[in-house]
Amino acid sequence: MNSSSSEPSSDFIRTIIAEDLKTGKNNGRVATRFPPEPNGYLHIGHAKSICLNFSIAAENRGGTCNLRFDDTNPGREDVEYVESIMKDVKWLGFDWQDRLFYASDYFEQLYQYAVQLIKKGRAYVCSLSPEQIRQYRGTLTEPGRDSPYRSRSVEENLDLFERMRAGEFADGTHVLRAKIDMSSPNLNMRDPVIYRIMKATHHRTGNKWCIYPMYDFTHCLSDSIERITHSICTLEFEDHRPLYDWFLDELEVKCHPQQIEFARLSLSYTVMSKRMLMELVEHGDVTGWDDPRMPTIAGMRRRGYTPGAIRAFCKRIGVAKRESMVDIALLEHCLREELNRCAPRVMGVLKPLRVIVDNYPEGQVEDLDAINNPEDPAMGARKIPFSRVLYIEQDDFMEEPPKKFYRLAPGREVRLRYAYFIKCVEVIKDEKTGKVVELHCTYDPETRGGDAPDGRKVKATLHWVSAACCLDAEVRLYDRLFLKENPCEEKDGPDFKSFLNPDSLKILKDCRVEPGLKDAKPGSIYQFERLGYFCVDEVDSSSESLVFNRTVTLRDAWANIKKRGS
RNA sequence: UGGGGGAUCGUAUAGGGGCAAUACACCAGACUCUGGAUCUGGAUACCCAGGUUCGAAUCCUGGUCCCCCAGCCA
């Protein structure tokens, strides 16, 4: 029982695949697919499935992963979604090469399969109304009853089905059903509908069809047509597996893929259902599918998430059948991990407090050396201007500092990053409000660059910008969308939207950033030292008016101390 | 008195008769020109009850709790 310890741990799906490879089940082939319905934008939950399917293909010699649009319901699908989905999958770093498919490509083939089923006496046209079909289906505890149309002859079924296709009947008047078992304890097996009449324009086939196949029929056959070996889907389809297998067995297809189910991703402090996301978009709770607060790939991209961080996250959460909710802190950790490595450092002041360095020569400007990324010397250095009037962060000064606050305070000395030690000598306050509006400080010319030749230490280093040279910027502070860990928890309680975080977005219009950011490219991500990672907004930012999105804060020990204190 | 799944630190994932492991989160400390990063240490878990066994998270029996299914959605 002692297995070699060098083998990487793997999930139950990879274990199944490895076993199949060992037994030669699919002649050594591994073929997966990612099969989205183009009726919404992809979200982080889809990313889990995308990473799983494409990675499994990549891990196996000759493995492939298809992108297939499951577009069998023209009523709610749209090219806008197919385009966004392709963009997102590519952005995540995956390549379906020439294997882009649509279930609608198979409509003719699927129709022929349906005819075959009718000829075998395994499908019939049912002319019950939708309401009647529901009644005949029975309930969870009571068996269903056979439809009165169940015994139509093959000839009649063939004729009717052909005329359904020809458009002779109105929507809802007839359906094609599989003839299985109305008393099955599995409701999916109680003569499921496999074709319905829908006189709708399809985004790819136009008006060519007025009957459309249902998911259960389409999916297994599409998998089979594409010679998929492992059809990986989420848990709610477990009950559908017998039906998946039934169609493939009855139709005696050459390729019979194995359906394997895993638990979908739930993330704390957000929602993942397309319905809910759609509602947020349509109701204006967010600005769109790509709102940086959305768990959509488009939203996360705009927020400043990187594909690598998302992939690392999907790898770390693992794959299992247990339903679980992953802490969003893990996602943020993966993000920080990557950004810490690659984001250039820069200084920006979110809430400026004016500082006059009394003993610094008026009109003088010095260019000081700053390191672009202490984690990566290859990223080089830059010059930043220092002058007599500066801005520091309002939060970095307290007139009456508590014990653990070791930033600037009256009489106290701190370091300005890459610049000088300064000491606060005077506090100017607004007479009416008592608010601190300006600080007078002195600097020690000996500490140029940030070190004191006499070896004295300071407790804090502050970020700053030079008032004369800095750039104005707008900064959008994003926070989690919901206040509740699981907004959908209460079934009969308040609506998920009542848990929306009213402070999920705070807009700061009076921010200052260092001059080097003048031509920062849309989408590029910086670390604002001591604050967090910020990304130039791709939609609203320009070199005339810079807009930054806060991607994620830095870990903040002081914020923790403050929180615990209060 | 329908069927299908699931249950291991706070969270997620390993371990499938022999020291319960890893990551995040948390706590403490070291270091630091970012209260960042890094490093060290720590606390915390096998749903319950029986049984088999020298030994059970793992095998057996019986419970409990949670999730999914009654679309002409996917």
Side-chain angles (χ1 to χ4, degrees), chain A residues 1 9-11 35-37 39 70-73 75-77 126 128-130 133-135 137-144 171-177 183-190 192-198 211-212 214-216 218-219 233-242 261 263 268 274 313 316-334 336-337 340-341 345 347 370-371 374-375 404-407 415-419 421 447 449-451 457-463 485 527-532 553-561:
Chain A
M1 267 298 179
S9 74
S10 82
D11 55 75
E37 184 190 13
N39 69 343
D70 221 330
D71 54 350
T72 56
N73 188 354
R76 51 185 219 182
E77 294 157 6
C126 179
L128 253 21
S129 69
I133 288 184
R134 192 177 321 128
Q135 287 162 355
R137 184 155 34 225
T139 68
L140 293 178
T141 51
E142 299 157 18
D171 288 15
T173 53
H174 307 278
V175 290
L176 185 70
R177 290 227 251 170
S183 64
S184 170
N186 180 347
L187 268 56
N188 295 118
M189 302 300 272
R190 318 242 262 230
V193 172
I194 59 183
Y195 265 92
R196 76 283 214 191
I197 302 172
M198 247 181 165
I211 55 173
Y212 291 92
M214 299 285 289
Y215 165 83
D216 288 302
T218 308
H219 203 88
C233 63
T234 43
L235 250 29
E236 69 272 24
F237 291 104
E238 235 159 359
D239 285 348
H240 294 243
R241 192 174 352 116
E261 310 85 9
S268 58
K274 276 191 200 173
F313 171 74
R316 283 206 204 191
I317 56 177
V319 181
K321 297 197 76 153
R322 175 181 5 169
E323 291 173 49
S324 57
M325 173 161 306
V326 176
D327 191 342
I328 197 165
L330 180 60
L331 215 208
E332 294 174 343
H333 168 81
C334 294
R336 289 191 185 105
E337 194 173 49
N340 177 51
R341 262 197 320 267
R345 269 114 258 217
M347 290 199 282
I371 291 164
E375 303 293 317
K404 296 223 171 149
F405 181 90
Y406 35 86
R407 278 111 97 144
R415 170 169 41 234
L416 293 179
R417 178 130 235 229
Y418 299 125
F421 285 12
T447 58
D451 285 306
K457 301 282 186 204
V458 288
K459 290 275 270 184
T461 301
L462 309 187
H463 61 277
E485 192 169 295
Q527 184 194 105
F528 286 11
E529 293 218 22
R530 303 209 304 135
L531 296 175
T553 61
L554 250 25
R555 284 184 67 232
D556 188 346
W558 168 240
N560 256 352
I561 293 166

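Every chain is numbered from 1 and lettered A, B, ... according to where its sequence line falls, protein lines coming before strand lines.
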Below 4.0 Å: OP1/OP2 of [N] and any side-chain N or O of [X]:
X	N	answer
A:Arg196	B:A74	yes
A:Arg134	B:G71	yes
A:Arg190	B:C69	no
A:Ser324	B:U13	yes
A:Thr72	B:A74	yes

Closest approach to the side chain of [X], judged atom by atom: which nucleotide of [options] is it?
X	options	answer
A:Gln527	B:U13, B:U34, B:C69	B:U34
A:Phe237	B:G2, B:A74, B:G35	B:A74
A:Glu375	B:U34, B:A74, B:A37	B:A37
A:Phe405	B:A74, B:G2, B:G35	B:G35
A:Ala557	B:G36, B:A12, B:A70	B:G36
A:Thr141	B:C72, B:A74, B:G2	B:G2
A:Tyr406	B:G35, B:C72, B:C73	B:G35

Name the orientation of the base relative to the sugar in B:G4: syn if the glycosidic angle is within 90° of 0, else anti.
anti

With syn defined as a glycosidic angle within 90° of 0 and anti as everything else, classify B:G42.
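It is anti.
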
So which one's nearest nucleotide on RNA chain B is more toward 5', A:Val319 or A:Thr173?
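The 5'-side residue here is A:Val319.
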
Name the nucleic acid region contacted by [X], choosing base, sugar-phosphate or nothing; use a 4.0 angstrom heavy-atom cut-off, strictly under.
X	value
A:Lys459	nothing
A:His219	nothing
A:Val175	base
A:Asp451	base
A:Ile317	sugar-phosphate
A:Ser129	base
A:Ile133	base
A:Tyr418	base
A:Val458	nothing
A:Arg137	sugar-phosphate
A:Leu128	base
A:Glu261	nothing
A:Pro374	base
A:Tyr195	nothing

Nearest 0.5 angstrom please: A:Leu554 CG to A:Asn340 CG, how far?
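That separation rounds to 8.0 Å.
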
Drop me the distance from A:Glu332's CD to A:Arg555's CZ, to the nearest 0.5 angstrom.
12.0 Å

Taking atom [atom2] of [N] as reference, at what distance in whole Å does atom [atom1] of [X] sit?
X	N	atom1	atom2	result
A:Trp558	B:U32	CH2	P	22 Å
A:Arg530	B:G36	CZ	P	11 Å
A:Tyr215	B:C69	OH	C1'	14 Å
A:Glu77	B:C73	CD	P	11 Å

Would you list the protein and nucleotides 23-31 of chain B atom pairs, both N or O, that sit under 3.5 Å from each other?
| unit_1 | atom_1 | unit_2 | atom_2 | d |
| --- | --- | --- | --- | --- |
| B:A23 | O2' | A:Arg316 | NH1 | 2.8 |

Consecutive-pair stems (3 or more, Watson-Crick or G-U, under 3.5 Å) for RNA chain B:
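Ordered by first number, the stems with RNA chain B (at least 3 consecutive pairs each) read B:2-7 with B:64-69, B:10-13 with B:21-24, B:26-30 with B:38-42, B:47-51 with B:59-63.
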
Which heavy atom in A:His463 sits nearest to a heavy atom in A:Glu529, and how many Å separate them?
ND1-O, 3.6 Å

Checking the side chain of A:Ser184 only, and the main-chain atoms of A:Met189 only, is there a donor and an acceptor separated by less than 3.5 Å?
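No: the side chain of A:Ser184 does not pair with the backbone of A:Met189.
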
Backbone of A:Ala370 reached by a side-chain donor or acceptor of A:Arg345 within 3.5 Å:
no

Is the distance from the ring center of A:Trp558 to that of A:Tyr406 below 6.0 Å?
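Not under 6.0 Å, so no.
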
For atom C1', what is the distance between B:A12 and B:G4, given to the nearest Å?
24 Å

Given the P atoms of B:A56 and B:G71, what is the spacing between them in whole Å?
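So the two P atoms sit 49 Å from each other.
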
N/O-N/O pairs, protein side and nucleotides 3-9 of chain B side, under 3.5 Å:
| unit_1 | atom_1 | unit_2 | atom_2 | d |
| --- | --- | --- | --- | --- |
| B:G3 | N2 | A:Asp239 | OD1 | 3.4 |
| B:G3 | N2 | A:Asp239 | OD2 | 2.7 |
| B:G4 | O2' | A:Asp239 | OD1 | 3.4 |
| B:G5 | O2' | A:Glu238 | OE1 | 3.3 |
| B:U8 | OP2 | A:Arg322 | NE | 3.2 |
| B:U8 | OP2 | A:Arg322 | NH1 | 2.1 |
| B:U8 | O4 | A:Arg322 | NH2 | 3.4 |

